[in-house]
Amino acid sequence: MSDNKKSQNKKSGTLTRWVRRMFFGGSRELEKELAEIDHSQDVEEVVSPTKRIIRGFMERKLAVAALIFVVAMFLFVIIAPLFITGYYDAYTETTQQNIPPTMSMLSVPNELKNDIKMIDSYGSFSIGLSNAGKVFVWGSTSLGTTGKDMKDIPEEVLNANIQWVAAGIDHAVAIDDKGKVYAWGANTLGQYGYYDPEEYPDFVVMPDEVLNGTIDVANVKKVTCGYQASAILMNDGTAYVWGNKKAYSNLESFVGRDDLSDIDFTLNYAVGLTPLGSGVFTGKRGLYDQLKSNISDKAVPVKDFLKGRKIVELAATSKNVALLLDDGSVAYVGDFDTSRSDPMPTLAEGEKFTYIVSGNYHYTGLTNQGNVYSWGGNVLDQTKVPSNMKGVTRLYGGSFQSYAVNDNNELVGKWGLKGYLFGTDGKGANIFYRIVMGGKMTMSIGAVAVIISSVIGIIIGIISGYFGGAVDMILMRVAEIFSAIPFLPFAMVLSAVTATMNIEEDVKIFMMMVILGVLTWPSLARMVRGQVLVARENEYVTAAKAMGVKENKIAFKHILPNIVSVIFVSLTLDFATCMLTESSLSYLGFGVTYPRPTWGNMLNGANNATVIKNFWWQWVFTSLFLSLTCICINIIGDALRDVMDPRSDRDK
């Protein structure tokens with residue numbers, strides 16, 4: 001009986017399922033039955049083409065990683081410039097040329113931090129001295145192709161009790177407690193050592209009493225170095241100077257002077273303070289005979305400005321000199337570029353400067369109320385004074401840095417240039433900044449060129465493939481003519497012609513975009529034509545014609561959406577090609593020209609054996625950005641081509 005009941009229930013259940021399938025469909029029932037029979041055999045989900053493409057693409061981990069990289073690169077070159085301050089394309093800095101990647105320019109050694117006697121710098125490295133007489137060097141210490149490293153302090157200096165130190169762009173000077181003067185670093189241009197005056201007439205020779213004798217270290221007032229020159233000033237006004245006369249044309253005027261109260265170097269001139277603080281000595285009449293105050297920009301003769309006041313001390317940057325007067329006010333002489341400078345701060349009533357130091361383009365001053373201010377050039381954050389400093393009693397200026405010290409000889413603040421993430425190029429520009437700006441330009445040119453070529457190629461391809469006949473023949477012959485043009489030589493000729501024309505750089509860049517776009521459309525047009533030839537035979541096209549839809553609507557509103565996936569793949573690959581083409585042209589010198597950066601002309605700037613061998617960072621980072629971006633774009637294009645074609649072998 002039980003078997004008969006089971007049989008009847010089974011027949012009744014089967015009849016019920018048949019009725020449900022007849023009126024409500026059977027896919028759900030079949031799926032449940034198949035799941036009951038074998039849980040490992042699931043009914044495949046029906047998905048839309050878009051979802052299938054996305055799902056297939058996301059299954060390719062390499063393609064997903066490439067997509068993330070390209071999107072990140074786009075955002076990087078678009079957003080990063082918003083946070084870059086002080087950059088401009090024509091930036092050059094003689095003292096910062098060919099510096100390797102480093103972030104150590106503010107890294108004062110721990111052993112020195114709590115026992116600072118003095119700190120000085122002029123170029124890419126800094127030199128410090130402890131009260132115990134020990135010398136420290138930090139920053140970018142390698143001196144280009146000379147093979148010298150400023151960290152290689154001579155053994156005799158390490159064993160001596162040093163009392164004074166100073167740093168130039170490529171050399172350093174030290175004086176020990178016995179008055180012996182030491183120097184190390186580059187010395188091929190008269191920085192130190194003996195040179196035959198007849199054989200080397202362009203050098204002011206190191207004085208014999210400094211080179212072979214000793215000086216009274218107790219009477220040393222100041223030791224300072226310039227680009228390729230040095231000076232020691234004594235309390236009695238005697239100045240010992242030596243170095244390269246080509247770097248400092250007035251250097252010889254300081255030889256034998258015994259009446260100076262201060263001395264320093266700009267980038268091109270030596271400057272001194274005349275007796276009794278009544279003027280600036282340069283050895284050249286009229287060079288610095290006009291003063292400006294911190295109150296008025298009007299320049300007046302020195303005598304008319306001082307009105308009985310005396311100049312206490314001077315501090316020189318690369319282009320100008322600040323003079324601290326005995327009443328605490330400040331005057332200036334030299335050249336000024338206020339467009340990229342922070343103005344001198346306005347002091348409170350009764351507040352005045354008691355001490356001023358300088359860097360290459362900025363000044364830092366200490367007031368009688370213990371406040372510290374920095375002003376002047378701020379391209380590399382030289383004037384961003386920390387707000388938490390207390391008890392500052394001394395200041396030391398570096399090339400693009402400043403240091404504050406208290407009465408206990410402890411470092412209480414430091415600010416300015418930390419270094420360069422990717423180093424600098426032969427003009428002293430930050431390679432990281434130029435890669436960002438160059439990437440924006442390279443990608444923009446590639447994108448606009450692809451848009452132009454795509455518009456032309458799609459229109460011609462659709463018209464040619466859909467209408468066929470004479471239209472097809474004419475358009476394809478035009479495409480063959482453009483394809484027959486040798487692309488790189490033709491683009492080089494056009495770029496060379498535009499270079500001789502008196503047009504703005506932005507117009508030239510736009511012309512390059514147009515040239516790239518106009519010369520690269522034939523391949524896309526032929527591909528679109530082939531797809532249209534196949535698509536126009538489909539039933540939906542026949543149905544649209546039967547309904548009286550206009551031909552142009554059939555071509556562009558019915559056929560085009562059905563082949564857009566193939567076009568999208570082609571555009572992705574063409575984008576990388578256009579980027580490489582722009583970079584090739586710029587690399588060959590026929591694209592975007594300096595100072596406007598692109599990845600191509602940055603590589604062009606590194607195209608010599610000296611740079612490749614000695615300054616690897618000038619081409620490695622740019623090459624990596626360009627190659628990785630193009631490779632990732634190609635990976636994305638290949639992946640899209642595979643997932644958009646159901647017949648492709650996804651595991652190939």
Side-chain angles (χ1 to χ4, degrees), residues 93-97 118 120-127 143-144 146 148 150 164-175 181-197 199-212 215 220-234 237-258 260-273 280-284 287-288 314-321 333-335 357-361 397-399:
E93 176 48 51
T94 305
T95 64
Q96 302 291 297
Q97 294 174 347
M118 62 182 61
D120 188 41
S121 74
Y122 190 85
S124 62
F125 67 93
S126 297
I127 187 169
L143 301 180
T146 64
K148 296 181 179 294
M150 292 305 300
W164 290 86
V165 291
I169 190 173
D170 55 8
H171 72 290
V173 175
I175 306 175
V181 179
Y182 305 90
W184 69 98
N187 65 342
T188 57
L189 295 171
Q191 292 94 326
Y192 61 91
Y194 174 75
Y195 296 87
D196 186 345
E199 187 177 355
Y200 297 96
D202 292 328
F203 300 164
V204 174
V205 181
M206 199 171 182
D208 185 66
E209 58 265 48
V210 173
L211 179 62
N212 298 315
I215 59 177
V220 173
K221 183 177 183 180
K222 186 176 185 179
V223 181
T224 184
C225 294
Y227 185 73
Q228 290 167 344
S230 302
I232 300 173
L233 181 66
M234 311 299 289
T238 301
Y240 300 105
V241 297
W242 65 92
N244 184 3
K245 286 195 290 186
K246 285 190 174 181
Y248 295 97
S249 59
N250 68 332
L251 192 62
E252 210 164 19
S253 303
F254 287 78
V255 176
R257 296 285 300 198
D258 59 3
L260 298 179
S261 56
D262 205 349
I263 191 170
D264 210 341
F265 294 97
T266 68
L267 184 62
N268 303 113
Y269 300 103
V271 292
L273 194 57
V280 179
F281 173 76
T282 63
K284 290 192 173 184
L287 182 61
Y288 288 144
L314 59 80
T317 65
S318 290
K319 294 185 176 181
N320 50 65
V321 181
V333 293
D335 300 326
V357 297
S358 60
N360 285 14
Y361 296 99
S399 54

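These numbers come from the heavy atoms of this one structure, side chains and all, not from hydrogens, waters or symmetry mates.
The closest side-chain heavy-atom distance from Ile232 to Val181 is below 4.5 Å. For the pair Asn320/Thr266, no side-chain contact is recorded, criterion being any heavy-atom separation below 4.5 Å from C-beta on. A 4.5 Å side-chain heavy-atom check between Thr282 and Tyr269 finds every atom pair outside the cut-off. Considering only heavy atoms from C-beta on, Val220 comes within 4.5 Å of Met234 through its side chain.
In this structure, the separation between CG on Leu251 and CG on Asp202 is 11.5 Å, given to the nearest 0.5 Å. The distance from atom CG of Leu267 to atom OG1 of Thr94, rounded to the nearest 0.5 Å, is 5.5 Å. Expressed to the nearest 0.5 Å, how far NZ of Lys221 lies from CG of Asp262 amounts to 6.0 Å. Remark: Tyr200 OH to Leu189 CG distance equals 10.0 Å, nearest 0.5 Å. In this structure, CD in Glu93 is found 6.0 Å from OG in Ser318, a value given to the nearest 0.5 Å. For the atom pair OG1 (Thr224) and CG (Asp264), the distance works out to 4.5 Å, reported to the nearest 0.5 Å.
Open room surrounds NZ on Lys319; 12 or fewer heavy atoms of other groups in view lie less than 6.0 Å from it.
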Check your understanding: Would Val280 and Val321 count as a side-chain contact (heavy atoms from CB on, under 4.5 Å) if you check the C-alpha gap in whole Å, the side-chain angles of each, and the deciding distance to 0.1 Å?
Key -> CA-CA 10 Å; Val280 179; Val321 181; 5.8 Å; no
Practice item. Begin with the C-alpha distance, continue with both residues' side-chain angles, and end with the deciding distance and a verdict on side-chain contact (heavy atoms from CB on, under 4.5 Å) for Val210 and Trp242. Key: CA-CA 10 Å; Val210 173; Trp242 65 92; 4.1 Å; yes
Exercise for review: Would you please test Val205 and Tyr194 for side-chain contact (heavy atoms from CB on, under 4.5 Å) and show each step?
Suggested key: CA-CA 6 Å; Val205 181; Tyr194 174 75; 4.2 Å; yes
Exercise for review: Carefully, step by step, assess His171 and Cys225 under the rule side-chain contact (heavy atoms from CB on, under 4.5 Å).
Suggested key: CA-CA 8 Å; His171 72 290; Cys225 294; 3.9 Å; yes
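When the side-chain contact (heavy atoms from CB on, under 4.5 Å) test is applied to Ala167, the partners found at least two apart in sequence or on another chain are Asp120, Phe125, Ile127. Residues forming a salt bridge (Lys or Arg N to Asp or Glu O under 4.0 Å) with Lys245 (at least two apart in sequence, or on another chain): Glu252.
Scanning all heavy atoms of the two residues, the minimum distance from Val165 to Met118 falls at N-SD, 3.4 Å. Here the shortest heavy-atom pairing between Ala186 and Leu143 reads N-CD1, 3.7 Å. Residues Gly334 and Tyr288 approach most closely at CA-CE2, 3.4 Å, considering heavy atoms. Shown here for Leu260 and Ala239, the closest heavy-atom pair between the two residues is CD1-CB, 4.1 Å. Smallest separation of non-hydrogen atoms from Ile263 and Lys222: O-NZ, 2.9 Å.
A donor-acceptor pair is defined here as one N or O able to donate and one able to accept, closer than 3.5 Å; such a pair exists between the side chain of Tyr192 and the backbone of Gly185. No side-chain donor-acceptor contact under 3.5 Å links Trp184 to the backbone of Val173. Under the 3.5 Å distance criterion, the side-chain polar atoms of Gln96 are matched with a main-chain donor or acceptor of Gly123. The backbone N or O of Ser399 sits less than 3.5 Å from a side-chain atom of Ser121, completing a donor-acceptor pair.
A ring pair (Phe, Tyr, Trp, His ring centres under 6.0 Å) with Phe265 is found for exactly one of Tyr248, Tyr227, Phe254, namely Tyr248.
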